[in-house]
There are 2 protein chains.
Amino acid sequence: MEQDIETLEAPDRSQAILGAVQSSDAELLTEILDPLSHSEALRELLTLHVDDRSRVLELVPAEMAAILIEEAPNEVAVELVEMLESNRAAEILEELDSDIQADVIGELDDADAEAILNEMDEEDADDVRRLAQYDDNTAGGLMMVEMLRFLDTDTVGKVLRWVASDDEEFERYRGQHPYVVNEEGRPVGVVSLRGLLTAKRSALLPTIMVEPLTVPVDMPLPDLEDVFDKHPFLGIPVVDETGILVGVVSRTAVSDAVLERSETESLKRQGLVGDELRSMPLWLRSRRRLAWLSANIVLNVVAASVISAYEETLAAVIALAVFLPMVSDMSGCSGNQAVGVTMRELSLGLVRPMDAMRVWMKEVSVGLINGVALGLLIGIVAWIWKGNPALGLVIGSALALNTVLAVSIGGVVPLLLKRLGQDPAAASGPLLTTITDMAGFFFVLSFASLMMPWLV
Amino acid sequence: MEQDIETLEAPDRSQAILGAVQSSDAELLTEILDPLSHSEALRELLTLHVDDRSRVLELVPAEMAAILIEEAPNEVAVELVEMLESNRAAEILEELDSDIQADVIGELDDADAEAILNEMDEEDADDVRRLAQYDDNTAGGLMMVEMLRFLDTDTVGKVLRWVASDDEEFERYRGQHPYVVNEEGRPVGVVSLRGLLTAKRSALLPTIMVEPLTVPVDMPLPDLEDVFDKHPFLGIPVVDETGILVGVVSRTAVSDAVLERSETESLKRQGLVGDELRSMPLWLRSRRRLAWLSANIVLNVVAASVISAYEETLAAVIALAVFLPMVSDMSGCSGNQAVGVTMRELSLGLVRPMDAMRVWMKEVSVGLINGVALGLLIGIVAWIWKGNPALGLVIGSALALNTVLAVSIGGVVPLLLKRLGQDPAAASGPLLTTITDMAGFFFVLSFASLMMPWLV
């Protein structure tokens, strides 16, 4: 049986899962999901109808349900939890680390959150309430409160006994070093594995501990990246405003947050606000996309008004209408390449808002080369296609000029937005294309009206 | 002095660095760079002129130079190493872990690579040669050969003595567990910290070890993600085709590779092949961008030919020319949103190429809602702006129809490309916009020619 299930092909598997859910066969369901990778299991869950999803989370062991919640992107995790009875939700969340508990519960509306917290272990609930207050991408938002904390009056033997006592529990702390705090709870030292192994069991921790590295709860993600870059530690203790040890932020939590940020940014660039997944409700998905698109229409109208202003020119030389979209599209692409490089250099910390001037000069040179190349290319195409050299000259020089403009704006705009405290990922693209569209249309049509005698 | 340097403002700091380089003041240079975060230090390095960069790497201690190489994106690291004398390059690379050595040396042309390898420690050089053969995003390409390997004839005491012996060296292995191999070098067990602490020093490792989890050298990145998802380990031993233990792949190496992949993909979407940084040579940057842009021009010409075919219609109703770019731009945006969601679901493993049909249906529904909404919006704009309801009808229905088409294509195209073994990140965008441009122009202009009596 086990065998058969393990070797099920994806389609049959989905069928088997559906069957198990409808017959509420918890055992079979668990048996099918258990061998899957977490992402496979989540995919199976999300391909089910919404009601069946909650049935699955009700049926499988809390531990497995917790794994699915943890694997899901935060927005999906929240939806899944919202569908559950608060006591079941609490049971499942208890299986997760405090940082993930806080992420999920922090997104729920207060009523749901409180209902679940009341069902949870008092102590855990308090931890979550505290953690939920911190901003997502800060040490406080990323830390977990489970930690290897000992007193400066404890002995090496006590630590060793604790480690030896409970492997299961110890898993949670893997990568952490034992941290030593004084009676006020301030971190005074950290103990290395080497120290533990070499010292006498009767030795007090202060005799083998070294100065601890700590970070403040409000340290933002980029600074945390730098700290983990610079130090090999897998976890770093976090202290609150008063210097009390309140948690530990792990290297994994930070790198996960960095990945999340980079993906969210590349989505925002397509005008996808929030992390859309097709498992989300239709109306939510379409509303979110529309919000950005309808703003975009307005910008398009602004740009198009330039064309409208030159209708006589167009009427005289209809061929121009063929090239207007080309010029605006090509310039948009060139500009977006520059935006892409700047966004990457920003995320790598290789460029700062104050570097706008340097970036601009670097882009202008690329713009000049590419502008000339593309201008020549499209100019020749226009000339041959429409058999009119003047037309080629108009289109070619317009694209060349607009390419230089596009890469200059594209390279610099994210830096300016950042300096103005705006989000460069979301706003750079639309801002760029509107300006380059307007400029592109203007160059083509104004050049054309100057060259009119040779065009008609 | 120390004090002053630490508190230098960025601009003065860059000046101070430049000064130190030109006066070859290695000590001062080290003193300035040391307190900086790795990304700050790298940024300072990359803002220098190319020749000065190599001067810096010559002057500072090999360890610091190694940190800068490691912090730099792979392409930049390679450039930096290429500028160095092979013996200095070897000296610096010796400071890095074998996986990073292999990444850098693997990118060099064979002559340079051999020159450096000959200067390196024989054993390390062999490791690098072996590692360089594996594909980047496989267990072999991501693993390091430094590992805690012991024989099944060793005792607990031997492991403890080793751990205690050399802290410095031990750092490299942090997160790893001691792996136990038999005389053929096949992994037969892994030893937990708890086991080490609780067992007698005289005990043989087999008495406390547990079944090891291993992965094959050729396991691809997505599978590695799944494995690390499913197991809490910070490192997993890697075995070759013959089952011999050849290295350890760390959780950090895998998550770094995932981040790298997601950023490379979002860059490819803007037509940025390879990881461009502004510190790269002008010609390289412009050539790479042009390659994609000139292909894009061809696609634009194809799309524009549709307009060209309808020049009489345009001549009759010039106002149409005002809306052509709007329709193509708006449809392009809608389609790219769908591409964005599919790309994300692909990277999260939530969708597979075979799911094209499901994705398509999910997109069509969004497309219908958004198409109607945007169509109405632009239709009313056109009507009011040009005072012609028929024009509004033509433009509005064209955009509505094209939006449905765009999201359908955008949602499915990455999956089809993937199934065809193509790279969805690079090809989806251009493919999508070309089709939606052509369709958009066609809808507008063909509807117009049908409605001609009411338009003029």
Side-chain angles (χ1 to χ4, degrees), chain A residues 37-39 43 160 163-164 167 171 175 194 197-198 226 229-230 232 234 255 259 262-263 266-267 270-272 276 278 282 285-286 289-290 293 296-297 300-301 304 307-308 311 314-315 318 321-322 324-326 328-329 333 336-337 340-341 349-350 362 365-366 369-370 373-374 377-378 381, chain B residues 37-39 43 160 163-164 167 171 175 194 197-198 226 229-230 232 234 255 259 262-263 266-267 270-272 276 278 282 285-286 289-290 293 296-297 300-301 304 307-308 311 314-315 318 321-322 324-326 328-329 333 336-337 340-341 349-350 362 365-366 369-370 373-374 377-378 381:
Chain A
S37 75
H38 294 182
S39 60
R43 186 168 54 219
L160 294 184
V163 171
D167 219 10
E171 277 304 323
R194 178 158 173 268
L197 294 174
T198 48
D226 283 343
D229 247 3
K230 188 145 191 166
L234 297 165
S255 56
L259 177 60
S262 108
E263 280 175 346
S266 80
L267 287 172
Q270 270 96 20
L272 292 165
E276 172 179 339
R278 296 207 170 83
L282 174 59
R285 293 167 57 217
S286 103
R289 294 194 196 180
L290 265 181
L293 290 169
N296 209 32
I297 272 201
N300 267 284
V301 172
I307 306 180
S308 189
E311 287 193 10
L314 267 173
I318 278 300
V322 176
L324 286 177
M326 289 180 72
S328 77
D329 178 72
C333 291
N336 273 315
Q337 288 182 323
V341 177
L350 295 179
K362 288 241 174 215
S365 36
V366 176
I369 298 174
N370 293 6
L374 296 171
L377 192 54
I378 202 174
V381 169
Chain B
S37 75
H38 295 180
S39 60
R43 187 168 54 220
L160 293 184
V163 170
D167 219 10
E171 276 306 322
R194 176 160 174 267
L197 294 175
T198 46
D226 284 343
D229 249 1
K230 190 146 190 167
L234 297 164
S255 56
L259 178 61
S262 108
E263 280 175 347
S266 80
L267 287 172
Q270 270 94 21
L272 292 165
E276 171 177 340
R278 296 207 171 83
L282 173 59
R285 294 168 55 216
S286 107
R289 294 195 195 180
L290 265 181
L293 290 170
N296 209 30
I297 273 201
N300 266 284
V301 172
I307 306 181
S308 190
E311 286 194 10
L314 267 173
I318 279 301
V322 176
L324 285 178
M326 289 180 73
S328 76
D329 178 74
C333 291
N336 273 315
Q337 289 182 323
V341 177
L350 294 179
K362 289 240 171 217
S365 37
V366 175
I369 299 173
N370 292 8
L374 296 172
L377 192 54
I378 203 173
V381 169

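Every chain is numbered from 1 and lettered A, B, ... according to where its sequence line falls, protein lines coming before strand lines.
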Apply side chain to side chain contact (heavy atoms under 4.5 Å, CB included) to B/Leu259 and A/Ser262, showing your working.
CA-CA 8 Å; B/Leu259 178 61; A/Ser262 108; 3.8 Å; yes

Is there a side chain to side chain contact (heavy atoms under 4.5 Å, CB included) between A/Arg285 and B/Val341 once you walk through the steps?
CA-CA 10 Å; A/Arg285 293 167 57 217; B/Val341 177; 5.8 Å; no

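Both the backbone and the side chain of A/Val366 come within contact range of chain B, each with at least one heavy atom under 4.5 Å from a heavy atom of that chain. The part of B/Ser255 that comes within reach of chain A is its side chain, from C-beta onward, which places non-hydrogen atoms under 4.5 angstrom from that chain. Of the atoms belonging to A/Ser365, heavy atoms from both backbone and side chain fall under 4.5 Å from chain B. Heavy-atom distances place both the backbone and the side chain of B/Ala315 under 4.5 Å from chain A.
Your options are B/Leu293, B/Asp226, B/Asn336, and the one with the most heavy-atom pairs under 4.5 Å with chain A is B/Leu293. Comparing A/Leu324, A/Ile378, A/Leu377 by how many heavy-atom pairs each has under 4.5 Å with chain B, the most go to A/Leu377. Of the residues considered (A/Val381, A/Val301, A/Leu160), A/Val301 shows the highest number of contacts with chain B, using heavy-atom pairs under 4.5 Å. For the options A/Leu374, A/Asp329, A/Asn300, heavy-atom pairs under 4.5 Å to chain B are most numerous at A/Asn300. Heavy-atom pairs under 4.5 Å with chain A were tallied for B/Asn296, B/Leu314, B/Ile318; the largest tally goes to B/Ile318.
The two residues A/Ser286 and B/Ile369 make their nearest non-hydrogen contact at OG-CG2, 3.5 Å. The two residues A/Ala321 and B/Ile307 have their closest heavy-atom pair at O-CD1, 3.9 Å. Counting all heavy atoms, side chain and backbone alike, A/Arg278 lies closest to B/Lys362 at O-NZ, 3.0 Å. Considering every non-hydrogen atom in both A/Ala373 and B/Leu290, the closest pair reads CB-CD1, 3.8 Å. Taking each heavy atom of B/Ile297 and A/Met326 in turn, the nearest pair found is O-CE, 4.1 Å.
Two residues are said to be in side-chain contact when any heavy atoms from C-beta on lie closer than 4.5 Å; B/Arg289 and A/Asn370 meet this criterion.
Interatomic distance, B/Leu267 CG to A/Gln337 CD, rounded to the nearest 0.5 Å: 10.5 Å.
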